[in-house]
Amino acid sequence: MRSMRSSNLQCFLDSTTPVVASQFLSKSEIMNLNRLWHPWDREDVEFFTLGDLWSCFDEWSAYGAGVPIKADGETIIQYYVPYLSAIQIFTSNSSLNYLREETDSETRDSSSDTFSEESESEKVSRWDGCSSDDGETPNDHRLGQLYFQYFDKSTPYGRVPLVDKVCALSKKYPGLMSLRSVDLSPASWMAVAWYPIYHIPMGRTIKDLSTCFLTYHTLSSSFQDLDIEDQNGCSNRKRKQGEGIRLPPFGLATYKMQGDIWMSGKDQEKLVSLVSVADSWLRQLGVQHHDFNHFLGNRRS
């Protein structure tokens, strides 16, 4: 039996959760998995490529993700455009060596093809393991080697949608397309900023719909199919093979959340919990996330 209708907050979380097409790892590759990151014995191991993950954002980046919201007794569809707010990718030495060779080869083939869209408001670091100006990256072998990190500090109006940004970054960092979830350590994550653009039907001004969201997602297969409770407190049904891999937010932050359109039932408790988890995650990795600090009014300083 289905539970009562999801709250507006839960509808947003559900509507913006990517479901990524999955593939199966070969038996020989299963034997070579990093047991520190994948301690479970499984006969079949599903994974996704980062390229397939970004494909989930194609339509959302172009037209916005539609979220059904109950307001004043009627349902409207509010659209949100996703932007890449931050990402850190940690992987193994073997994957790094392969990516180095692949990139070096491409550099030799087209030495003039350089990425020139970086600005002072953006932070990009490569696999050299250097620490970020925004906080040091923990030197812990369990995290793997830092392949790539990016933190956007520009204003919302100066950003391009997520898919466009990733495509531009991938010209210099091909692993953003080719790496697989099984190649990534549990410390790999991304944050997506969602900004509202319009709602249907139009013509009504609803102040509460100016809320912006920041969702946090893990990228590693280490967290795949864990038996966790969903945000309504109910145990998720077991995902069937071939259904696609869901990447629901493990953390959240909001900006301009006013009124009670987003708060019903246990939503306040849920929101506090998701914000706390995001904060703990960033602290554990020693990361200063610009958008998170901005959304929360620099409370972490």
Side-chain angles (χ1 to χ4, degrees), residues 32-38 47-51 53-54 83-107 114-115 117-153 162 165-193 214-224 247 250-251 277-293 300:
N32 294 327
L33 285 176
N34 184 326
R35 292 302 168 185
L36 191 62
W37 300 347
H38 306 279
F47 69 92
F48 61 86
T49 66
L50 291 183
L53 169 59
W54 310 133
Y83 298 86
L84 182 63
S85 173
I87 187 172
Q88 282 190 314
I89 295 177
F90 295 88
T91 187
S92 63
N93 284 324
S94 59
S95 294
L96 284 184
N97 290 335
Y98 172 78
L99 288 167
R100 284 194 183 100
E101 294 172 1
E102 183 182 50
T103 304
D104 289 344
S105 175
E106 291 180 357
T107 301
T114 57
F115 181 69
E117 296 183 23
E118 296 173 20
S119 67
E120 292 181 359
S121 63
E122 299 173 343
K123 176 64 182 175
V124 179
S125 297
R126 207 167 182 174
W127 51 58
D128 53 12
C130 62
S131 62
S132 162
D133 294 338
D134 301 313
E136 295 185 356
T137 301
N139 185 18
D140 189 333
H141 72 280
R142 292 173 299 179
L143 300 183
Q145 299 296 315
L146 178 65
Y147 166 64
F148 175 82
Q149 66 177 2
Y150 168 86
F151 299 92
D152 201 334
K153 296 180 181 178
L162 185 145
K165 172 56 68 176
V166 171
C167 285
L169 293 172
S170 67
K171 293 178 181 178
K172 191 172 182 179
Y173 310 107
L176 285 175
M177 293 295 180
S178 61
L179 280 169
R180 308 170 302 175
S181 56
V182 289
D183 299 325
L184 308 183
S185 92
S188 301
W189 63 284
M190 71 170 179
V192 180
L214 190 61
T215 58
Y216 289 79
H217 309 260
T218 59
L219 299 175
S220 171
S221 292
S222 301
F223 295 105
Q224 198 171 300
L247 297 180
F250 69 84
V277 171
D279 183 57
S280 296
W281 179 269
L282 295 173
R283 291 181 185 276
Q284 187 172 6
L285 289 177
V287 169
Q288 284 290 330
H289 184 194
H290 175 269
D291 282 350
F292 185 80
N293 292 339
R300 299 175 71 231

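- For the atom pair CE (Met190) and OG1 (Thr215), the distance works out to 7.0 Å, reported to the nearest 0.5 Å.
- Trp189 and His289 have perpendicular rings, their planes meeting at more than 60° on a 0 to 90° scale where under 30° would count as parallel.
- Ring planes of Phe250 and Trp281: tilted class, angle from 30 to 60°.
- Atom-to-atom distance recorded for Leu169:CG and Met177:CE is 9.0 Å, nearest 0.5 angstrom.
- Taken from CG in Leu184 to CD in Gln88, the straight-line distance is 12.5 Å, to the nearest 0.5 Å.
- Of all heavy-atom pairs spanning Asp291 and Ala193, the tightest one is OD2-CB, 4.3 Å.
- Below 30°, between 30° and 60°, or above 60°: for Phe148 and Tyr173 the angle between ring planes is between 30° and 60°, a tilted geometry.
- To the nearest 0.5 Å, the span separating OG on Ser220 from CG on Leu179 amounts to 11.5 Å.
- Residues Thr91 and Asp183 come closest through the heavy atom pair OG1-O, 2.6 Å.
- We find the OG-CZ distance between Ser181 and Phe47 to be 7.0 Å, quoted to the nearest 0.5 Å.
- We find the CD1-NZ distance between Ile87 and Lys165 to be 12.5 Å, quoted to the nearest 0.5 Å.
- In this structure a side-chain-to-backbone donor-acceptor pair under 3.5 Å is present from Ser188 to Phe90.
- Closest heavy-atom contact between Phe292 and Ala278: CE1-CB, 3.9 Å.
- When the options Asp152, Val192, Leu214 are evaluated for a side chain to side chain contact (heavy atoms under 4.5 Å, CB included) with Ser85, the one that passes is Leu214.
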